[in-house]
Amino acid sequence: MFRPQLPDVPHLPTTVVTNRDRDPVPSASRPLTPYVGAVAAVVIVGVVLTALLAAVAISAVSVAIAAVVLRSLTNEAKRR
């Protein structure tokens with residue numbers, strides 16, 4: 001009476017019926033080909049802008065170093 005019992009598991013039929021006469025359902029999503037060009041353009045513009053920003057930053061650092069060197073040279077010349 002107090003012993004647990006497992007419920008009976010229903011057995012499903014093992015035969016599978018396929019209907020191959022119908023065409024597959026077309027997908028509702030749009031193709032991605034129109035967006036490939038736009039994505040490529042955005043990536044290329046991003047790479048170019050990043051390279052330009054890096055070039056400006058390197059130029060600014062080199063100009064700052066040159067200014068410090070020239071300032072130190074002019075200060076030494078004034079002390080003599």
Side-chain angles (χ1 to χ4, degrees):
M1 179 175 170
F2 293 109
R3 297 179 74 188
Q5 294 183 357
L6 296 174
D8 292 334
V9 178
H11 296 286
L12 298 175
T14 57
T15 57
V16 177
V17 178
T18 59
N19 188 359
R20 295 183 186 213
D21 295 335
R22 293 187 292 163
D23 292 333
V25 177
S27 64
S29 64
R30 289 188 253 167
L32 294 177
T33 46
Y35 301 111
V36 171
V39 170
V42 168
V43 168
I44 290 171
V45 168
V47 167
V48 169
L49 289 178
T50 304
L52 288 174
L53 181 64
V56 168
I58 291 170
S59 299
V61 168
S62 63
V63 167
I65 291 172
V68 168
V69 169
L70 286 175
R71 185 176 179 185
S72 67
L73 288 175
T74 56
N75 283 340
E76 284 185 24
K78 287 180 184 178
R79 289 182 189 169
R80 290 184 189 177

* Structure fact -> Heavy atoms of V69 and S72 approach each other most closely as O-OG, 2.8 Å

* Asked: Measuring from I65:CD1 to L70:CG, what's the distance to the nearest 0.5 Å?
  -> 12.0 Å

* Structure fact -> So CG of L49 and CD1 of I44: to nearest 0.5 Å the spacing works out to 12.0 Å

